[in-house]
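Reading through the structure tokens given below for one structure.
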Amino acid sequence: MNNQQSLLNWYQLNKRDLPWRNTQNPYLIWLSEIILQQTRVNQGLPYFLKFAQKFPQIESLAAAPEDEVLKLWQGLGYYSRGRNMLKTAQIIVLSNGGKFPDNYHDLLKLKGIGPYTAAAIASFAYNQAVAVLDGNVFRVLSRFYLISEPIQSSFAKKLFNQLANEFLNKDNPALHNQAMMELGALICTPLKPACLECPLQQNCLAFIQNSQLQFPIKLAKAKPKNRFIAYFHFQFNSQIAVFRRPSGGIWEGLYDLPYLESEEKTDANSWFEKGSKKKWYSSNQIIDLVFEKKHILTHQHIYAQFYRINCINKPILNFDESWVEYNQLPKLGVSKLLSSYLELAMAEPK
DNA sequence: AAGACGGGGCG
DNA sequence: CGCCCAGTCTT
């Protein structure tokens, strides 16, 4: 039995039963693929179910306000996925009558759809013979063929793309692609690969020389930046001051509290000196540090402090900020960092 | 080619 | 704490 056949047999016996595997509906496949970008199945699954339920067809998604999409996306991270998904849904509905492109080339033109996702949709929904290349496939192929090229390089991308397409089972690209990724997720894992259960074991060059853990080769990553942020929870009667985060940084489109920021650790007095020109310093208000948290992102470590300010006089806000009623707060999409604070703050009102 | 973009799980 | 995850977009 050849490699492709062994792989397919293994897959049929061992695959997980996941909801997006029981459909050829390109919209649902697209939805699942966007959600699963850089995201584990267990983390993305509830979001897929939520979106599929709320927006059963692309038309209902296209009609949704961005704030609603981002609220549903809350907690999943990489929020540009949600924003791009909405834009793409609108384009498909308005300019193509709601019909998804049915091939790799046209799929690739859409916002949020790169080489991986285009190949995934083209093969899963339309059985087009294009190989997917994700983190799993990189790992499987780098071990199988013993490729020492760092997978970040553009040369490696071409090389692996060629290898993946040579390895592709042209008779059943959809199942083959699923099987490659499932193999990477269940057997050919980064740390403890279960090589003894692997259907490709006999021909895997890394296994033969027992060097599985050396692959894939990766370049070192940049060190994350430290940010020290003081958040200010302005409360006036039943309202709180918020703003919608602008484009060009993290959490675009989500809501946030007004804040000050520094590159070094800063204490309460210094924050208020820095903010002395701001509205909260001038009037007699109660200021209280209520919460501290270190929030880890891929490229930055945020050391956040939350100060609560119970305003006696209603401060004038900046142009981009506004007052919202507390009972409207749950409708706004916020970062995990802010939601962890709000959960605490709303549970014990002062 | 290199950075930016989230959050969670695991050893 | 470091690494990784069904990647894509921007510069």
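Reminder, nothing fancy here: chain letters follow the sequence lines and each chain counts from 1. Any value given below was found using the heavy atoms of this structure, including those in side chains, with hydrogens, waters and symmetry copies removed. Predicted model, so just to flag it, every value in this text is computed and none were measured.
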Base, sugar-phosphate, or nothing for [X], non-hydrogen atoms under 4.0 angstrom?
X	value
A:T117	sugar-phosphate
A:R21	base
A:I34	nothing
A:K192	nothing
A:Q300	sugar-phosphate
A:W73	nothing
A:S80	nothing
A:G75	sugar-phosphate
A:L133	nothing
A:G44	nothing

Phosphate OP1/OP2 of [N]: any [X] side-chain N/O under 4.0 Å:
X	N	value
A:K15	C:dA6	no
A:K221	B:dG3	no
A:W251	B:dG7	yes
A:Q38	C:dC5	no
A:Y78	B:dA4	no
A:H295	B:dG7	yes
A:K336	B:dG8	yes

Could you check whether the side chain of [X] and the base of [N] have a donor-acceptor pair of N or O atoms closer than 3.5 Å, going by distance alone?
X	N	result
A:R81	B:dC5	no
A:T39	B:dG6	yes
A:Y116	C:dG7	no

Angle class for the [X]/[Y] ring planes (parallel below 30°, perpendicular above 60°, tilted otherwise)?
X	Y	result
A:W251	A:H295	tilted
A:F291	A:F306	tilted
A:Y341	A:H233	perpendicular

- Assign each of A:K225 and A:V334 to its nearest nucleotide of DNA chain B by heavy atoms, then name whichever residue's nucleotide is nearer the 5' end.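 Going by which nucleotide is closer to the 5' end, it is A:K225.
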- Specify the residue among A:G77 and A:L219 whose closest nucleotide of DNA chain B lies further upstream toward the 5′ end. A:L219
If I take atom [atom1] in residue [X] and atom [atom2] in nucleotide [N], what distance separates them, rounded to the nearest angstrom?
X	N	atom1	atom2	answer
A:E182	C:dC5	CD	C1'	14 Å
A:E252	C:dT8	CD	C1'	14 Å
A:Q74	B:dG7	CD	P	9 Å

- Which value, in whole Å, describes the distance between the P atoms of nucleotides C:dA6 and B:dG3? 24 Å
- Roughly how far apart, to the nearest Å, are B:dG6 and C:dC3 at atom C1'?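 Pairwise C1' distance, B:dG6 against C:dC3, rounds to 15 Å.
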- Item | Contacting residues from residues 150-177 of chain A, given that a heavy atom lies under 4.0 angstrom of DNA chain C | none
- Message: Rounded to the nearest 0.5 Å, what separates atom CG in A:N84 from atom CD1 in A:I113?
- Response: 10.0 Å
- Determine, using ring centers only, whether A:Y78 and A:W73 are less than 6.0 Å apart.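 That pair fails the under 6.0 Å test.
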- Query: Mind checking whether A:H176 and A:F167 have ring centres under 6.0 Å apart?
  - Reply: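 Centroid distance A:H176-A:F167: below 6.0 Å, so yes.
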- Shortest non-hydrogen contact from A:R83 to A:L70?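 Minimum heavy-atom separation between A:R83 and A:L70: CG-CD2, 3.9 Å.
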- Task: Tell me which of A:K294 and A:Q37 sits closer to the 5' end of DNA chain C, going by the nucleotide each one is nearest to.
- Result: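 That would be A:K294.
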- If you find the nucleotide of DNA chain C closest to A:R139 and the one closest to A:L108, which residue's nucleotide is nearer the 5' end? A:R139
- Query: Is it the case that A:K50 places NZ or CZ above or below the six-membered ring of A:Y47, under 6.0 angstrom from the centre and within 45 degrees of the axis?
  - Reply: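 Yes.
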- Is the closest side-chain donor-acceptor distance between A:S335 and A:R245 under 3.5 Å?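 No, no side-chain donor-acceptor pair sits under 3.5 Å.
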